[in-house]
Amino acid sequence: MKLFKSKAEKEQERKMLVRQSMRELEKRIQKLEAQQKNYIADARKAREEGLPDMELLAKNALKMTVTERKRTYRMLLQARIISQMKDMNAMTNEFLKAVQVISKDIAASAGLDIAKITGDLKFAMDKVTMQTENLNDMLENSQDEVGEFSEDNSVISDEEIDKMIYGAQDGAGDKFAYDDELAQLRKQLDK
């Protein structure tokens, strides 16, 4: 058993953890969609049975579920984007290392000022390293921000909740503002 993990093993472990976290977020979205349907049915049943307090409870639960679903979509999208940025940064770093090796070979054979070329490449690599560190800080900060999401349920209006439960009274169909937002988030996730 090894006591220390190599850089490649740590990176592989990180990628596996990110994929696992994204799968968990996707599962959470599916559960929230199912809950949403259940709360709609519960609110309808409560109204049919003449239970206004239970109807209100179901509506509030529906609001919270819709809000949580949107937050979860955002977290999933943020995780994907940050992961892609980190991968892109790592590829850039590897590319710069290869360019540095090639540049040294060219400079050595052409009699160029290798010190200047090496200095320029070192400067570029330092910038990539700094970007990678900033990205790591951003990853850590985004995890903190996830925990700070507001518990505000006002993201979706009472009118939209009523339309979800009882349908549109004005014949406008069952299209809601939050549906557009979720569709945009889904589209970004599918890119």
Side-chain angles (χ1 to χ4, degrees), residues 1-39 61-104 118-156 160 175-191:
M1 182 169 108
K2 290 172 37 174
L3 292 176
F4 300 102
K5 294 180 183 177
S6 70
K7 189 174 182 179
E9 288 172 325
K10 287 179 184 177
E11 182 62 18
Q12 187 64 28
E13 191 174 277
R14 181 200 68 81
K15 285 183 178 182
M16 189 173 69
L17 181 62
V18 168
R19 281 193 301 269
Q20 180 183 2
S21 296
M22 286 192 282
R23 279 193 303 271
E24 291 299 320
L25 289 171
E26 288 167 351
K27 286 179 189 176
R28 178 77 177 136
I29 289 168
Q30 290 174 351
K31 286 179 183 177
L32 290 167
E33 288 171 352
Q35 281 181 331
Q36 181 176 320
K37 290 176 185 175
N38 290 337
Y39 291 139
L62 180 58
K63 263 186 182 184
M64 289 176 17
T65 301
V66 169
T67 301
E68 181 65 23
R69 191 169 145 210
K70 240 191 317 197
R71 285 184 192 139
T72 306
Y73 268 113
R74 286 188 177 119
M75 288 188 298
L76 180 57
L77 181 59
Q78 184 180 24
R80 284 188 182 169
I81 289 170
I82 291 171
S83 179
Q84 289 169 354
M85 289 171 58
K86 180 152 177 52
D87 290 344
M88 188 172 24
N89 217 357
M91 285 189 300
T92 302
N93 198 15
E94 290 302 313
F95 170 75
L96 288 174
K97 286 178 184 176
V99 168
Q100 184 179 26
V101 169
I102 292 168
S103 296
K104 283 182 181 179
T118 303
D120 291 344
L121 285 171
K122 173 118 177 67
F123 177 75
M125 288 182 64
D126 288 344
K127 285 189 125 188
V128 169
T129 301
M130 193 166 32
Q131 284 179 332
T132 303
E133 289 171 4
N134 289 340
L135 236 149
N136 286 334
D137 290 343
M138 188 172 78
L139 277 169
E140 290 174 13
N141 289 338
S142 69
Q143 289 174 350
D144 294 340
E145 288 173 13
V146 165
E148 295 173 4
F149 271 124
S150 165
E151 292 299 321
D152 184 11
N153 293 330
S154 65
V155 174
I156 184 168
E160 283 186 305
K175 186 78 171 136
F176 312 109
Y178 89 96
D179 282 332
D180 292 336
E181 291 177 54
L182 289 176
Q184 286 292 335
L185 289 169
R186 273 191 207 111
K187 193 181 290 185
Q188 289 175 341
L189 284 171
D190 292 339
K191 286 182 182 179

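The shown structure was predicted, so the numbers you read here are calculated from the model rather than taken from an experiment.
- For the pair Lys15 and Asp87, the minimum side-chain heavy-atom distance is below 4.5 Å.
- Between Glu13 and Lys10 there is no side-chain heavy-atom pair separated by less than 4.5 Å.
- The structure places CD of Glu33 at 12.0 Å from CG of Asn38, a figure rounded to the nearest 0.5 Å.
- Distance check: Leu32 CG to Lys37 NZ gives 12.5 Å after rounding to the nearest 0.5 Å.
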Step by step, work out the side-chain contact (heavy atoms from CB on, under 4.5 Å) result for Glu94 and Met91.
CA-CA 5 Å; Glu94 290 302 313; Met91 285 189 300; 5.7 Å; no
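- Once rounded to the nearest 0.5 Å, the distance linking CD of Glu68 with CE of Met75 reads 6.0 Å.
- In this structure, the side chains of Arg28 and Arg69 stay at 4.5 Å or more apart for every pair of heavy atoms.
- Note that the CG atom of Leu25 and the CD atom of Gln30 stand 11.5 Å from one another [nearest 0.5 Å].
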May I have the step-by-step check of salt bridge (Lys or Arg N to Asp or Glu O under 4.0 Å) for Glu26 and Arg23, ending in yes or no?
CA-CA 5 Å; Glu26 288 167 351; Arg23 279 193 303 271; over 6 Å; no
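- Note that the CD atom of Gln12 and the NZ atom of Lys7 stand 14.5 Å from one another [nearest 0.5 Å].
- Under the salt bridge (Lys or Arg N to Asp or Glu O under 4.0 Å) criterion, Lys31 pairs with no residue, sequence neighbours left out.
- The two atoms that bring Gln36 and Leu62 nearest to each other are CG-CD1, 3.4 Å, heavy atoms only.
- Taking CD of Gln78 as the start and OG of Ser83 as the end, the distance is 12.0 Å to the nearest 0.5 Å.
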